[in-house]
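Step one of this worksheet: look at the structure below.
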Amino acid sequence: MGALAKEFSQAVNQGDVVVASGFTVGKSPTVNKDKLHPCNLLLSGDDAYIYVSRLPTPPDPGSQPAVKRGSALSAQVSRTTKAPKYTYVRLGDLKAGPAVNVYGVVTFFKQPYKSRGTDFCSILKITDQSKKEILCKVFCKKLEDHPNIFQIGDIVRLHGVKPHSYRNCIELVKTFGFSALTFDGVVGRPVEPRTSSRSFHFDQDDRRVVEELRSWASGQGFLPAVSTITLSAVEPKQYFDLTCQLLAKAPIDTTCILLRVWDGTRCPYKLLKVIVEPDVTEGPSSFSAEKESVIANILIYDNHVESAKQLKPGDFLRIYNLRAIPGSSKVPGLTSTQAVEVDHMAFHLHGGTAFGRGIRLLPEDSPEVQELKRVIAAIPGDEELSDSEMMEVWSTPPESLERTCGHDVQPVMLSQLKRSEPGRVHHVRVQLRSYEPLRLHQALKLYCSKCTTMREVPDDEVVDGVFSEASRDSGPCSPPTWALSGQVDAPRDTPNRALGVHLSTQLVSEGRSKELVFLRGSTLEETCHLASTYQNIVPVRSSGGQMDLLDLSAPFLFRGRKRYYGCKRCSEAAVREPCAVGVELIDEKVVAEALGVQLLQFVLLMKLELQDSTDTLDVFLWRDAENFFAVAAEDAAASQEAQNSIHQAMNFLCPPGGSTGERPWMDLCLASYEAKDNGGQNQTCYQICQTIFTRPPSSTRSNPNPA
DNA sequence: GCTTAGGTTTCG
């Protein structure tokens, strides 16, 4: 009756649940007619209330979150119609009994981990203004149903937890009707619930409770002053939480996985390097030297391997209870040819869940990730992709390519070219908008013409490692019967060390002993030094008493300043005597053939972004790159002069800091072809072919408008 | 339908 009737009729919908109070029970005057209940309820005046409870609407991705629907509803129905409220028990008032709802500040937590039973288990400890600390145990099959806790100080709201007594303490255990909301615990941050629940109740009272807990907790001192430690602040032997981005990962063995991460800061201690095979690495197998110097290698053990396997390069993570260990001992699973450096800071995530040990993915929109992205973006030079990262981006170059052009086709605009079917040759007149890699030495690759795979040129640090690992076995070494063996003093500052040299008897008998030596026990530096004395140096090692070649990660041959590499996949390498009878010049081909090494070819590979007035286009400069620059890739690997000539050409085509107007127009021949990208999808690629870089005779530019 | 874990550092 009255105002209540009016408000109620506006608020209620068919299907709603209503709860009435303050009514009087009377006899129904219409019972004979409608055959309904003989009594009715009369609601009238200020003491009567009727509560309308809306059933949750079906999930609809386009609709407002449940919170907003709730607040819109309560505004609409005014004081007389309220949604039912949940009640929350103070942690100090808990008694063993039926399920309750609680709020609390997280003082300890373990990420959900696989229990021995059927579920994942989360352990957390929460407290509130009553200062009672309560342990909570959550068992759920689905990870997303667990409280989404990132750090100590987060605030949780738990529904459907049952207080149990265990060893004279009250604990909360998840029971039926369980749901959890988690909030950032930092005063001033947005109050946004993290939950997987599709609908949940959340109103101004809840917001108030969260804010009260935040400000109370901030004065309690149990929140860590700095929530996590950066690589720049880490000290040896410390346990710490690390917020970082995953760059690459590689399995080591069944109980260990390697995560390569960075957090945008530089660790003051030397970082452990772990050498793994490139083909088992997910993500780039190597990075630019600058980037490598800020990448931490983290070894993840035992139960954490499973969660680490789910991670993808690029993910933002927090690793809890990571341990910094100075001076690595041993890394499992590495073969004898793989080196582990000592006296470097290693990071281990040990097995078990003690102290909350674990890994968790951080969502992109969390404040921690936003901050991390900001720091990483500020690292100078990172805008540039490193060599192997670029290999990931580029599609595999084609194995065959039609590259002949009579240069008699009419030039086309880029927009027109893009609409053409692949498999043709086109002429374009374009400017160079940008190119990769900016560091031109990264354009050098090693290519196997047999299996058509491409490999990075390893840096000296990696090669150094192979040499030092190889010299570790200093036991007796019986040389092959064809060899004459002796020793030479190591050059430079290592007077007390003798290096093993083995010569071909045949070559010695011909008076050609300087033309080829097998050198054992040298460092990379010593090998380079001796390369000025001997025309060909093949580094060898002792392996179980027998003479063997080094791992093919390192050059198998040093010829003056040039180094030659072999394909790991296609070589069947062994120490053998080259046949020098009638061979005038012993070169890399002669040595490679004798040793059973499939010689890798140095190649140049670049990506150029072209533009004209209609469009832009990414093209590769690869098969014809040596012609284009009139430089042999092999020379570019060893000669500064050759590198300079490429550098000058690129600077001319794309002056650093120059405007578009300053870039010369180029007449290019482009071959288009189909290639599979990393996902196996066909895509059209373009390569510059049959084109030679020449400078115009004077400073006059070509006509910028070919049309 | 009511087990799992029940914080407390690997040993690489």
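In what follows, chains are A, B, ... by sequence order, proteins preceding strands, each numbered from 1. Computed over heavy atoms, backbone and side chain alike; hydrogens, waters and symmetry mates excluded.
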Checklist entry - Is the CD atom of A/Glu572 crowded by more than 12 outside heavy atoms at less than 6.0 Å? => result no

Checklist entry - Which word best sums up how the rings of A/Tyr88 and A/Tyr86 line up, parallel for under 30°, tilted for 30 to 60°, or perpendicular for over 60°? => result tilted

Checklist outcome for this item: Sorted by position of nearest nucleotide on DNA chain B, 5' first, the leading residue of A/Arg323 and A/Ile123 is A/Ile123

Next on the checklist: Per the ring pair (Phe, Tyr, Trp, His ring centres under 6.0 Å) rule, what does the pair list look like for residues 109-129 of chain A, sequence neighbours excluded?
Outcome noted: A/Phe109-A/Tyr320

Checklist outcome for this item: A/Phe120 CZ to B/dT4 C1', in whole Å, measures 12 Å

Checklist entry - Nearest to the side chain of A/Ala354, which nucleotide is it out of B/dG12, B/dC2, B/dT8? => result B/dT8

Next on the checklist: In whole Å, I'd like the distance from the NZ atom of A/Lys125 to the P atom of B/dG6.
Outcome noted: 12 Å

Checklist entry - For atom P, what is the distance between B/dA5 and B/dG1, given to the nearest Å? => result 22 Å

Checklist outcome for this item: From CZ of A/Phe108 across to C1' of B/dT9 the rounded distance in Å is 11 Å

Checklist outcome for this item: Separation of B/dG1 atom C1' from A/Lys174 atom NZ, nearest Å, is 11 Å

Item to check | Aromatic ring of A/Tyr166 stacked on base six-ring of B/dG6, 5.5 Å, 30° | outcome: yes

Next on the checklist: Using the side-chain heavy atoms of A/Asp119, tell me which of these nucleotides is nearest: B/dG7, B/dG12, B/dT3.
Outcome noted: B/dT3

Checklist entry - Does atom CZ of A/Arg569 have more than 12 heavy-atom neighbours from other groups under 6.0 Å away? => result no

Checklist entry - What is the distance, rounded to the nearest whole Å, between atom NZ of A/Lys114 and atom C1' of B/dT3? => result 12 Å

Checklist entry - Contact class for A/Phe347 vs. all strands (heavy atom < 4.0 Å): base, sugar-phosphate, or nothing? => result nothing

Checklist entry - Between A/Phe287 and A/Arg260, is there a cation-pi geometry (under 6.0 Å to ring centre, at most 45° from the normal)? => result no

Checklist entry - Which nucleotide sits closest to the side chain of A/His350: B/dT9, B/dG12, B/dA5? => result B/dG12

Next on the checklist: Whether A/Lys110 contacts B/dA5 is assessed here as follows: a side-chain N or O lying under 4.0 Å from the phosphate OP1 or OP2. Is that the case?
Outcome noted: no

Item to check | Whole-Å distance separating the CG atom of A/Asp253 from the P atom of B/dG12 | outcome: 13 Å

Checklist entry - Between B/dA5, B/dG6, B/dT9, which nucleotide gets closest to the side-chain atoms of A/Leu135? => result B/dG6

Next on the checklist: For the base of B/dT9 and the side-chain ring of A/Tyr239, does the geometry meet a stacking cutoff of under 5.5 Å between centres and under 30° between planes?
Outcome noted: yes

Checklist entry - Is A/Arg563 salt-bridged to A/Asp460, cutoff N-O under 4.0 Å? => result yes

Next on the checklist: Return whichever of A/Thr107 or A/Thr118 has its heavy-atom-nearest nucleotide of DNA chain B closer to the 5' end.
Outcome noted: A/Thr118

Next on the checklist: Is there a side-chain contact between A/Tyr320 and the phosphate of B/dG7, meaning an N or O under 4.0 Å from OP1 or OP2?
Outcome noted: no

Next on the checklist: At 4.0 Å (heavy atoms only), tell me whether A/Gly351 reaches a base, stays on the sugar-phosphate, or touches nothing.
Outcome noted: base

Checklist outcome for this item: Separation of B/dG7 atom C1' from A/Ile126 atom CD1, nearest Å, is 15 Å

Checklist entry - Are any of A/Arg116's side-chain N or O atoms less than 4.0 Å away from OP1 or OP2 of B/dT3? => result no

Item to check | Integer-rounded Å distance: B/dT4 P and A/Phe139 CZ | outcome: 8 Å

